[in-house]
Amino acid sequence: GSWWKDVQPAARDPILGVTEAFLADTHPSKMNVGVGAYRTDEGKPLVLECVRQAERHIAGSNFMEYLPMGGSVVFNDHSMKLAYGEEASVLADKRVAGIQALSGTGACRLFADFQRRFKPESHIFIPVPTWANHHNIWRDAHVPQHTFRYYDPVTKGLDFAGLMEDVKRAPEASVFLLHACAHNPTGVDPSPEQWKEISALFKEKNHFALFDMAYQGFASGDTNRDAQAIRIFLDDGHQVACAQSFAKNMGLYGQRVGCLSVVCDDTQQAVAVKSQLQQIARPMYSNPPLHGALIVSTILGDPDLKALWHTEVKGMADRIITMRELLKKNLVEAGSHLNWQHITDQIGMFCFSGLNPEQVDRLTSQFHIYLTRNGRISMAGINSNNVEYLANAIHEVTR
Ligand SMILES: Cc1[nH+]cc(COP(=O)(O)O)c(/C=N/[C@@H](CC(=O)O)C(=O)O)c1O
């Protein structure tokens, strides 16, 4: 009989499934505020000018060879400097094992498999809510998951007390997943003072922090400011790990460019850790793709291109902040009397609107507006031409 007769259709991905539904809709006013992918005020994807210039720099260069299993060393060095700081002592002392990854997803997965292999008894503590794919990644790595409180649906802000209590109650030396900035889906980040308290408690409990930094530069427009949580933990002496993505902040979504780095005791340990991370990559995809890493290295390695990138990433962050203000203003003008303060209090790519699944379903069925059922709105999908339409629709389903 047929080999695969028992294979059932997979459930729709809660995020990428929204894009599929959006593409299938032919309505002229349809809006996609689902997937976290930047769009210009004209509603178009953006290729950064610094990327275009980098592509011209590398055009025709005779690169088609395999990269090492750990990817481009030059790329890894630039990526780690971006995360930890140009002058970070852990980099000067060569204590960090860095490996090029298949964007942020790949970096998280490499860490999850590394954790399974070298800390087989460990579990992972994941914030509630988080990026939906985090659960899939640690599930497939066979690492047991727990959650810790993060978001307060009443205040639509950080549940700091709940977070600290859960961190305190977790067993000694637990592994935690933390969003470095622009928390997905809530857009709620701890303040620097709160990060300092979290770091101190992690020290007390001997916890380990993996930072998922998929939006560095995208939150505030300042790459150093968006990495402050990592810098605070480093200054406190934590040996963190960091999963980086260049999908959003450099617009390299489909190039799959990322980096996983692990801070170690010393150079010898970093060499050992990197060698083991490479052994995880080898059977998975052998070695990572060239092109995107070369673009990133070209940009971060050229002062003018790097300065241009900083300007452009700030431009994207600023447009999103403007859309937050516009959406809130249009909701008031539409006649809504609800409190929409969180729309401008939240930061990064997403607004956690507070809409419930039924209201989301109505936005989609009645107004052809596509967003994830947890009420997350990707602010980049909003522009000056559709913000009023969105505000009226939200008012309609929340009145
Ligand atoms: C927190 C976080 N971490 C990692 C990733 C992985 O991105 P990558 O393209 O592998 O570098 C994403 C992507 N989030 C958006 C896209 C997606 O779901 O894949 C999103 O939440 O819409 C994140 O939001």
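Both ligands and their constituent atoms are indexed starting at 1 by order of listing. Note that these values count all heavy atoms, side chains included, but never hydrogens, waters or copies made by symmetry.
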Just distances here: any N/O of [X] and N/O of ligand 1 closer than 3.5 Å?
{"X": "I15", "value": "no"}
{"X": "H179", "value": "no"}
{"X": "H134", "value": "no"}

Close approach of [X] to ligand 1, heavy atoms, under 4.0 angstrom:
{"X": "M349", "result": "no"}
{"X": "R256", "result": "yes"}
{"X": "Y253", "result": "no"}

Below a 4.0 angstrom heavy-atom separation, can you tell me which part of [X], side chain or backbone, both or neither, approaches ligand 1?
{"X": "F246", "value": "neither"}
{"X": "R376", "value": "side chain"}
{"X": "A214", "value": "side chain"}
{"X": "V35", "value": "both"}

Among all protein non-hydrogen atoms, which one is nearest to [atom], and what is the separation to 0.1 Å?
{"atom": "atom 13 (C) of ligand 1", "answer": "K248 NZ, 2.7 Å"}
{"atom": "atom 10 (O) of ligand 1", "answer": "T105 OG1, 2.6 Å"}
{"atom": "atom 18 (O) of ligand 1", "answer": "W131 NE1, 2.9 Å"}

Verify the distance criterion only: is there a donor paired with an acceptor across the side chains of [X] and [Y] at less than 3.5 Å?
{"X": "Q341", "Y": "K328", "value": "yes"}
{"X": "Y84", "Y": "S261", "value": "yes"}
{"X": "E55", "Y": "H291", "value": "yes"}

I need the [X] [atom1] to [Y] [atom2] distance, nearest 0.5 Å.
{"X": "C181", "Y": "D226", "atom1": "SG", "atom2": "CG", "answer": "4.0 Å"}
{"X": "Y150", "Y": "L158", "atom1": "OH", "atom2": "CG", "answer": "5.5 Å"}
{"X": "Q115", "Y": "C108", "atom1": "CD", "atom2": "SG", "answer": "11.5 Å"}
{"X": "L277", "Y": "Q100", "atom1": "CG", "atom2": "CD", "answer": "13.5 Å"}

Need the ligand 1 atom indices (1-based, order shown) with element for anything under 4.0 Å from a heavy-atom of [X].
{"X": "A247", "result": "9 (O), 11 (O)"}
{"X": "G36", "result": "20 (C), 22 (O)"}
{"X": "G104", "result": "8 (P), 10 (O), 11 (O)"}

* **Sole candidate of N184, I320, I377, T186 that passes side chain to side chain contact (heavy atoms under 4.5 Å, CB included) when paired with F350** =>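 With F350 as partner, side chain to side chain contact (heavy atoms under 4.5 Å, CB included) holds for just one option, N184.
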* Between K30 and F22, is NZ or CZ placed under 6.0 angstrom from the six-membered ring centre and within 45° of the ring axis? ->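 Cation-pi check for K30 and F22: passes.
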* Asked: Counting heavy atoms only, which of D212, L252, T19 comes nearest to atom 3 (N) of ligand 1?
  ->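 Among D212, L252, T19, the closest heavy atom to atom 3 (N) of ligand 1 belongs to D212.
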* Please work out which of A182, A37, C108, S103 has its closest non-hydrogen atom nearest to atom 8 (P) of ligand 1. =>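 Minimum heavy-atom distance to atom 8 (P) of ligand 1 goes to S103.
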* Is a salt bridge present between K306 and E86, judged by a nitrogen-to-oxygen distance below 4.0 Å? ->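 Yes, charged N to carboxylate O under 4.0 Å.
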* **Minimum-distance pair of heavy atoms, taken over all atoms of M379 and L327** =>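 So the two residues come closest at CE-CD2, 4.1 Å.
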